[in-house]
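Take a look at the structure set out below.
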Amino acid sequence: QVQLVESGGGLVQPGGSLRLSCAASGTIYRIHDMGWYRRAAPGLERELVAVITSAGIVGYADSVKGRFTISRDNAENTVYLQMNILKPEDTAVYYCNAEAQITRYTGTMQRWGQGTQVTVSS
C-alpha cells in the first residue's frame, strides 16, 4: 500500500509563510498527479488548492494564485506547498493527495494523507 505523510503545518500570523511537505512511501511503481486540498471546517467540502502532474504542469485555485506554489521531487515521491502572504481565510486542515500506481500492470488509486492544520491568526 501507499502511505502519505504530511508535515509543516502550524500557526502563523497574517502575511506570513509556511511550507508543507508530503512524502509518499510503500509499494510504489509511479506517482501520477499530486495535489493539496483543504477543509476549512468540519462539514464543509474539501476544496482543491493546487495540483501538479508528474510532468510538472501545475494548477491552482483562484484564491491562492500568486501566493502559493506547488512543486514536487519525483525521485523522492514528495510534493511541497509553499504558502506565502497567508490570510486568515487560508486557515484549514490541509490534505495531501496522490494518484498512485503500485505496479506497471495495475491501475491507479487515490491516496490521502492524514491532514495537517494550518492556522493564520494574529
Side-chain angles (χ1 to χ4, degrees):
Q1 292 296 324
V2 177
Q3 297 83 38
L4 301 181
V5 178
E6 301 130 336
S7 60
L11 173 64
V12 65
Q13 293 187 341
S17 298
L18 281 176
R19 189 188 196 214
L20 306 182
S21 301
C22 172
S25 63
T27 303
I28 299 172
Y29 169 70
R30 181 175 295 168
I31 301 289
H32 298 272
D33 293 357
M34 301 187 83
W36 291 94
Y37 291 71
R38 66 187 181 187
R39 178 180 284 131
L44 296 181
E45 286 193 8
R46 194 158 40 187
E47 64 171 352
L48 175 66
V49 176
V51 64
I52 183 167
T53 70
S54 57
I57 298 171
V58 301
Y60 297 95
D62 287 343
S63 59
V64 306
K65 281 181 181 177
R67 301 187 298 122
F68 291 10
T69 302
I70 189 171
S71 60
R72 65 188 285 174
D73 181 335
N74 288 333
E76 298 293 330
N77 290 322
T78 299
V79 64
Y80 305 95
L81 185 68
Q82 178 66 43
M83 305 184 292
N84 298 327
I85 317 175
L86 282 160
K87 304 175 181 180
E89 51 264 43
D90 294 318
T91 296
V93 178
Y94 284 71
Y95 298 90
C96 173
N97 172 266
E99 185 179 12
Q101 188 177 359
I102 61 173
T103 78
R104 65 179 296 181
Y105 305 107
T106 57
T108 59
M109 63 180 73
Q110 296 291 328
R111 304 300 297 176
W112 292 92
Q114 79 284 358
T116 185
Q117 177 70 46
V118 171
T119 302
V120 185
S121 175
S122 55

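These numbers come from a predicted model, not from an experiment.
- Under a 3.5 Å cut-off, the side chain of Tyr60 and the backbone N or O of Gly66 do not form any donor-acceptor pair.
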Next on the checklist: If you apply the rule side chain to side chain contact (heavy atoms under 4.5 Å, CB included), what do you find for Gln114 with Leu4, and how did you get there?
Outcome noted: CA-CA 8 Å; Gln114 79 284 358; Leu4 301 181; over 6 Å; no
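- In this structure, CD in Glu76 is found 11.5 Å from OG in Ser25, a value given to the nearest 0.5 Å.
- The nearest pair of heavy atoms linking Gln117 to Thr91 is NE2-CG2, 4.0 Å.
- The side-chain heavy atoms of Gln110 and Glu99, taken from C-beta on, include a pair separated by under 4.5 Å.
- Atoms CH2 and CG, from Trp36 and Leu48 in turn, are 12.5 Å apart once rounded to the nearest 0.5 Å.
- Side chains of Glu47 and Arg38 form a contact here, defined as non-hydrogen atoms less than 4.5 Å apart.
- In this structure, Tyr94 and Phe68 have tilted ring planes: the angle between them lies in the 30° to 60° band.
- The shortest distance between side-chain heavy atoms of Ile70 and Met34 does not fall below 4.5 Å.
- With Pro14 as reference, Val120 is the one residue of Ile85, Val120, Leu86 to meet the side chain to side chain contact (heavy atoms under 4.5 Å, CB included) rule.
- Remark: Tyr80 OH to Thr69 OG1 distance equals 14.5 Å, nearest 0.5 Å.
- Salt-bridge check for Lys87 with Asp90: failed, with every basic side-chain N at 4.0 Å or more from each acidic carboxylate O.
- In this structure, the side chain of Glu6 engages the main chain of Cys96 through a donor-acceptor pair within 3.5 Å.
- Using a 4.5 Å cut-off on side-chain heavy atoms (C-beta onward), Val118 and Met83 make contact.
- Put simply, CD1 on Ile28 and CD on Gln101 are 11.5 Å apart, with the number rounded to the nearest 0.5 Å.
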Next on the checklist: Walk me through whether Leu11 and Ser121 qualify under side chain to side chain contact (heavy atoms under 4.5 Å, CB included).
Outcome noted: CA-CA 7 Å; Leu11 173 64; Ser121 175; 4.2 Å; yes
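- For the pair Arg104 (side chain) and Arg30 (backbone), a donor-acceptor distance under 3.5 Å is absent.
- Crowding of Glu89 atom CD: a count of heavy atoms from other residues, nucleotides or ligands under 6.0 Å exceeding 12.
- Within the 4.5 Å cutoff, the side chain of Trp112 has heavy atoms near those of the Tyr37 side chain.
- Note that CG of Asn77 and CD1 of Ile31 are 5.0 Å apart. Values are rounded to the nearest 0.5 Å.
- Among all heavy-atom pairs drawn from Gly9 and Leu18, the shortest one is C-CD1, 4.5 Å.
- Note: Arg19 CZ to Gln82 CD = 6.5 Å, rounded to the nearest 0.5 Å.
- Under a 3.5 Å cut-off, the side chain of Arg72 and the backbone N or O of Ile52 do form a donor-acceptor pair.
- Across all non-hydrogen atoms, the minimal contact from Gln3 to Gly26 is OE1-CA, 4.0 Å.
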